[in-house]
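In what follows, every heavy atom counts, from backbone to side chain, and hydrogens, waters and symmetry copies are set aside. Just so it is clear: chains get the letters A, B, ... in the order the sequence lines come, proteins before strands, and each one is counted from 1.
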Number of protein chains: 2
Amino acid sequence: MSIRVTSWLESLQAHGYRLTEARRAVVEVVATSKRALSPLEVYEIARRRYPALGLVSVYRTLEMLSALHLVQRVHQEDGCNAYLPSLEGHQHLLICERCRRVEYFDGDDLEALFARVGEQTGFEIRSHWLQLFGLCQACKQAVS
Amino acid sequence: MSIRVTSWLESLQAHGYRLTEARRAVVEVVATSKRALSPLEVYEIARRRYPALGLVSVYRTLEMLSALHLVQRVHQEDGCNAYLPSLEGHQHLLICERCRRVEYFDGDDLEALFARVGEQTGFEIRSHWLQLFGLCQACKQAVS
DNA sequence: CATAGAATTGAAAACGGTTTTCAGTATGAG
DNA sequence: CTCATACTGAAAACCGTTTTCAATTCTATG
Ligand SMILES: [Mn+2]
Ligand SMILES: [Mn+2]
Ligand SMILES: [Zn+2]
Ligand SMILES: [Zn+2]
């Protein structure tokens, strides 16, 4: 059992949620995924372990995990309904346009840019998204 | 009549589309907006000029304008169905979280970051999104 | 371990934004 | 002006998501 699965289940419990088979199945799928999954994809995969699972429970569990900042929604040109484990703290995503595999990175240094843009526009800047798109190593070879 | 309205209408015509009242109404609203507008918002505003307008035509016109790269879809935490005029070339958005007003900026220098992340992950980086969120001058005062 | 009450479940219905269908209309080339 | 056809709006269909609800499952407590 992945450490992340255990830790998510403990988090749910610590926030007063009960541990049920439906939640366990959803958590196991999402917490161990290396790619962004839509609710329907989560449903189809999780049902292999727990066939009685309902799609509604996938939505409800994703909403909880989202409120606890354990998952985040990923936006792409071709859809904005995929979810991914959130790492600790602020980080950015690099997404494979072909297979949806995701890598995390940080180390952007945009403070100077924010200051300049804030000054020029009069905006108070509160947050930002920086997301890269491309092809992962496997898909790069598959395509060429 | 705004230069951008004229230019969009010419673009549509140049690509073989007919100029109709419905299209004119939609183009006039979207091309002159300083804020990202949802199809329904476009519909409601455009109907003040052309009451016979159907919501379907808003969708159809937005799709054309999008294919011609004259508008772009804007993604936000609370929804991804708003459209905005696209400026020439690559640029980034700064969006007011309260009123959706948008400013454009460029001058990001992220090439070094892309090179480093590409190297570390093995990805071929093809594009990126950089979007800032905050409060515009007017909303900053209204909130405080 | 047994109980009881509340949280949770999945099925079905409802919802809301978007797309398709279709018969009538307006556009623009000739 | 005429005519073929691109385009229209209304209505229906569609599809992902949310709500409703009666039945079931947890878990705190004895
Ligand atoms: Mn950052
Ligand atoms: Mn850029
Ligand atoms: Zn989005
Ligand atoms: Zn504002």
Side-chain angles (χ1 to χ4, degrees), chain A residues 8-30 36-68 71-83 100, chain B residues 8-30 36-68 71-83 100:
Chain A
W8 286 17
L9 291 174
E10 281 167 4
S11 257
L12 285 174
Q13 205 164 29
H15 284 81
Y17 297 114
R18 293 182 178 174
L19 293 189
T20 66
E21 280 311 298
R23 282 176 193 163
R24 266 187 262 267
V26 170
V27 164
E28 281 177 22
V29 169
V30 181
L37 299 174
S38 70
L40 192 62
E41 288 173 315
V42 172
Y43 173 65
E44 282 164 357
I45 299 170
R47 240 173 16 146
R48 301 208 280 256
R49 286 169 174 272
Y50 181 57
L53 179 66
L55 179 56
V56 212
S57 286
V58 174
Y59 279 99
R60 289 191 278 228
T61 306
L62 285 174
E63 197 181 342
M64 283 170 200
L65 295 173
S66 193
L68 298 179
V71 301
Q72 62 187 306
R73 180 197 290 264
V74 175
H75 297 256
Q76 280 192 268
E77 219 51 84
D78 65 348
C80 307
N81 64 336
Y83 289 82
R100 287 202 169 180
Chain B
W8 286 17
L9 292 174
E10 281 167 3
S11 258
L12 285 174
Q13 205 163 31
H15 284 81
Y17 297 113
R18 292 182 179 173
L19 292 189
T20 67
E21 279 312 299
R23 283 176 194 163
R24 267 187 259 268
V26 170
V27 164
E28 280 177 22
V29 169
V30 181
L37 300 174
S38 70
L40 192 62
E41 287 173 315
V42 173
Y43 173 66
E44 282 163 355
I45 299 168
R47 244 176 8 150
R48 301 207 280 256
R49 286 172 174 270
Y50 180 58
L53 179 66
L55 179 55
V56 213
S57 286
V58 175
Y59 279 99
R60 288 191 277 228
T61 307
L62 285 173
E63 197 182 340
M64 282 169 201
L65 295 173
S66 194
L68 299 178
V71 301
Q72 62 188 306
R73 179 197 292 264
V74 175
H75 297 257
Q76 279 192 268
E77 219 52 83
D78 66 346
C80 306
N81 63 336
Y83 290 81
R100 287 202 168 179

*Asks:* Is the closest basic N to carboxylate O distance between A/Arg24 and A/Glu21 below 4.0 Å?
*Replies:* yes
*Asks:* Tell me which residues in residues 47-61 of chain B put a heavy atom below 4.0 Å from DNA chain D, sorted by number, or none.
*Replies:* B/Tyr50, B/Ala52, B/Leu53, B/Gly54, B/Val56, B/Ser57, B/Arg60
*Asks:* With distance as the sole test, does A/Arg23 use its side chain to make a donor-acceptor pair with the main-chain N or O of A/Arg18 at under 3.5 Å?
*Replies:* yes
*Asks:* Note the angle between the end axes of the helix from C/dC1-D/dG30 to C/dG30-D/dC1, five pairs defining each, rounded to 10 degrees.
*Replies:* 40°
*Asks:* Between B/Met64 (CE) and C/dT19 (P), how many Å, whole number?
*Replies:* 13 Å
*Asks:* Distance under 4.0 Å to a non-hydrogen atom of chain A counts as contact; along DNA chain D, which nucleotides mark the start and end?
*Replies:* D/dG16 to D/dT27
*Asks:* Under the side chain to side chain contact (heavy atoms under 4.5 Å, CB included) criterion, do A/Val30 and A/Trp8 qualify, and how do the steps go?
*Replies:* CA-CA 10 Å; A/Val30 181; A/Trp8 286 17; 4.0 Å; yes
*Asks:* Measure all distances between protein nitrogen or oxygen atoms and nitrogen or oxygen atoms of nucleotides 25-27 of chain C, and list the pairs falling under 3.5 Å.
*Replies:*
from	atom 1	to	atom 2	distance (Å)
C/dT27	O2	B/Arg18	NH1	2.7
C/dT27	O2	B/Arg18	NH2	3.2

*Asks:* Is a side-chain donor or acceptor of A/Arg73 paired with a backbone partner of A/Cys80 at a separation under 3.5 angstrom?
*Replies:* yes
*Asks:* Nearest-Å distance, CD (B/Gln13) to P (C/dG28)?
*Replies:* 6 Å
*Asks:* Walk me through whether A/Met64 and A/His15 qualify under side chain to side chain contact (heavy atoms under 4.5 Å, CB included).
*Replies:* CA-CA 10 Å; A/Met64 283 170 200; A/His15 284 81; over 6 Å; no
*Asks:* According to the side chain to side chain donor-acceptor pair (under 3.5 Å) rule, which pairs have a member within residues 48-68 of chain B, sequence neighbours left out?
*Replies:* B/Glu28-B/Arg49
*Asks:* Go through the steps for B/Val58 and B/Val29 under the test side chain to side chain contact (heavy atoms under 4.5 Å, CB included), then give the verdict.
*Replies:* CA-CA 10 Å; B/Val58 175; B/Val29 169; over 6 Å; no
*Asks:* Contacts to DNA chain D from residues 74-83 of chain B, heavy-atom cutoff under 4.0 Å, which residues?
*Replies:* none
